[in-house]
K.L.:
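One structure, as structure tokens, below. Some questions next.
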Amino acid sequence: MAADGGALSMFSVVEDVLQQHGTSRIGDLDLVESRKAEQAASRRNEAAGWLRKVIGVVVAKDLPAEPSEEEFRLGLRSGIILCNAINKVQPGAVPKVVESPSDSALIPDGALSAFQYFENLRNFLVAIEGMGLPTFEASDLEQGGKSARVVNTVLALKSYSEWKHTGGNGTWKFGGNVKPTTSIKSFVRKNSEPFMNSLSRTSSMNEKSSNSFTSDLDSNQMTSSRSLSMLVRAVLLDKKPEDVPMLVESVLNKVVEQFEQRLSSQYELTNTSPKDVAVSHGNQPPMKFASCDKRIEDNLKVIKREESFNKSYISDEESKSRLLKQQMIFDQQQRDVRELKQTLHTTKSGIQFMKMKFHEEFQNIGLHIHGLAHAASGYHKVLEENRKLYNQVQDLKGSIRVYCRVRPFLSGQSNCLSCVDHMEDGNITINTPSRHGKGQRTFSFNKVFGPSATQADVFSDMQPLIRSVLDGYNVCIFAYGQTGSGKTFTMTGPRELTEKSQGVNYRALGDLFLIADQRKDTFHYDVSVQMIEIYNEQVRDLLVTDGANKRYPLLV
Ligand SMILES: Nc1ncnc2c1ncn2[C@@H]1O[C@H](COP(=O)(O)OP(=O)(O)OP(=O)(O)O)[C@@H](O)[C@H]1O
């Protein structure tokens, strides 16, 4: 299993490198391509995001947050963003950054912009190399499709920055897909510098840990790492650049790097839990680790165990947080239920109170209605009593009442011809003609109305009798007098009738219907009318509708 895992891992390394060089023929090309494209986009976005964050979106205005490969290349082409970023991580790494002109519209795109990005890129690459980070070629930004190495450099710089922010403790390791520069020239010229760096890092790690672990293991690891690096270096040093193809260089570089990483991780594991290692190796002393393969196998076992432990730890954490959430929801629901119960209790009490109030008010209304019913029956009794008393008063006033009304002089008649001497209370005194001997005679009536009396004054004395009619009493009102004395005027009114000049008939009928309407809930009245004329001892019906001048026989 371990051997398979190691072989697979190595296989993926080789495939990775081959894929980078565009020569992979292993596996399904389409799948690999799409996976690679996704990874590349993700890494590019990460690099762009970090650059924008480090130098600010204003300076990084030419670089979108999620750029396409072309946008990424064009954004970084001037080198301004890269120089500013490395200066943020390592102040003064690029002493002079050639910034873009403030008004680019005034300067045509030409020599100056080419100069800018060349100078900036050169300075940036020198600084990156000086920091021991993976670099790229300036030409990678001139043509499309080669931004992977630029991304790699930016992510290495990011990783370096983060390591620095945490205080720079321990060994800085870039976990990304580090691709060393593929320049054969620089590779040979620098005397295999990447390997030198790797070796120095491994040595430093081993030095730090030497106090806490056996020197035999350290020396084994150091020897293994160094021997492999030395071996590679020895093989490459005497080769001409033309003899070392770019592909082989990358593969070797990757293999050595993987080897170093595994050694260091195994060392860390052994250092932190020597017991586990001892158990996993059947209590064999560390000195028994004879070969690298054996160590890699053990290392893989430990890594797998750690992974499963991490998984179970993560699932434990997840279930705990889920339980916590459920508990919180349960608590909240319990609180809600308590509140609802409280509200229900309050509502019940309110309804009880309202019921009680309603019952009380209902009883009060019953009592009130009973009182009203009692009062109503009493009212009818009182009304009857009142009616009797009222009509008794009318009787006492006289069942036959005689009134006298003096007609005023008509226009053109003189006041001096009046025979009325004076009127007082119910008496009228008139001057008698001289042929019977000049004198006066006084006549008594229930009331005397003078020439200035109005129609309303005359009717006011008759009005109480209309109510008696509706109480069931017979009433008769008639006028008597010589021709032209004012009978028609008093009973009906003048020719041009107004409300004010209405006579007794109109007013009596008005009152009759008004009182009947007021009593409609208690009494029902049938009203009929008959109009007859008695003239020359002849009785004539004035309301016949058949056109006949119907005369009744003389009623004697
Ligand atoms: N109180 C009054 N005030 C003003 N004018 C009156 C009054 N009484 C009567 N007249 C007027 O006197 C005139 C005669 O009145 P009216 O026709 O009522 O008399 P009469 O008794 O009905 O007569 P006849 O018996 O011939 O029908 C009318 O022009 C009437 O307007």
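As the structure lists them, so they are numbered: ligands from 1, and atoms in each ligand from 1. All residue numbers in this chain count up from 1 along the given sequence. Only this structure's heavy atoms are used, side chains among them; waters, hydrogens and symmetry mates stay out. Values in this document were obtained by computation on a predicted structure and should not be read as measured data.
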K.L.:
Which residue and atom name correspond to the protein heavy atom nearest atom 31 (O) of ligand 1, and how close is it?
P.N.:
Phe489 CD1, 3.7 Å

K.L.:
With a 4.0 Å cut-off on heavy atoms, does Gly481 reach ligand 1?
P.N.:
no

K.L.:
Is the backbone N or O of Ala148 less than 3.5 Å from a side-chain atom of Asn152, with the two atoms forming a donor-acceptor pair by type?
P.N.:
no

K.L.:
Looking at Phe489, I'd like to know if the NZ or CZ of Arg407 sits under 6.0 Å from its six-membered ring centre while staying within 45 degrees of the ring's axis.
P.N.:
no

K.L.:
For the backbone of Val97 and the side chain of Asn120, can you confirm whether one donor and one acceptor N or O come within less than 3.5 Å of each other?
P.N.:
no

K.L.:
Closer than 4.0 angstrom, basic N to acidic O: yes or no for Glu46 and Arg43?
P.N.:
no

K.L.:
Can you check atom 14 (C) of ligand 1: any protein non-hydrogen atom closer than 4.0 Å?
P.N.:
yes

K.L.:
To the nearest 0.5 Å, how far apart are CE in Met491 and CD in Gln455?
P.N.:
10.5 Å

K.L.:
Is a side-chain donor or acceptor of Asp517 paired with a backbone partner of Phe513 at a separation under 3.5 angstrom?
P.N.:
no

K.L.:
Atom CG in Leu133, atom CG in Leu157: separation rounded to 0.5 Å?
P.N.:
6.0 Å

K.L.:
Which residue owns the protein heavy atom closest to atom 26 (O) of ligand 1, what's the atom, and how far is it?
P.N.:
Thr483 CG2, 2.8 Å

K.L.:
Would you mind checking which non-hydrogen protein atom is closest to atom 20 (P) of ligand 1, with the distance to 0.1 Å?
P.N.:
Gly484 N, 3.4 Å

K.L.:
Should you measure from each heavy atom of Arg405, which atoms of ligand 1 turn up under 4.0 Å away?
P.N.:
1 (N)

K.L.:
Relative to the heavy atoms of Gln482, which atoms of ligand 1 are at a distance of less than 4.0 Å?
P.N.:
21 (O)

K.L.:
Just to be sure I'm reading this right: ignoring hydrogens, which of Arg407, Gln455, Lys487 gets closest to atom 10 (N) of ligand 1? Compare them by their nearest heavy atoms.
P.N.:
Arg407

K.L.:
Looking at atom 24 (P) of ligand 1, is any protein heavy atom nearer than 4.0 Å to it?
P.N.:
yes

K.L.:
With respect to atom 22 (O) of ligand 1, which of Thr488, Thr490, Thr492 exhibits the smallest heavy-atom separation?
P.N.:
Thr488

K.L.:
Could you establish whether Pro408 and ligand 1 come within less than 4.0 Å of each other, counting only heavy atoms on the residue side?
P.N.:
yes

K.L.:
Are any of the N or O atoms of Leu410 closer than 3.5 Å to those of ligand 1?
P.N.:
no

K.L.:
Ignoring hydrogens and angles, tell me if any N or O in the side chain of Arg73 forms a donor-acceptor pair with the backbone of Glu142 under 3.5 Å.
P.N.:
yes

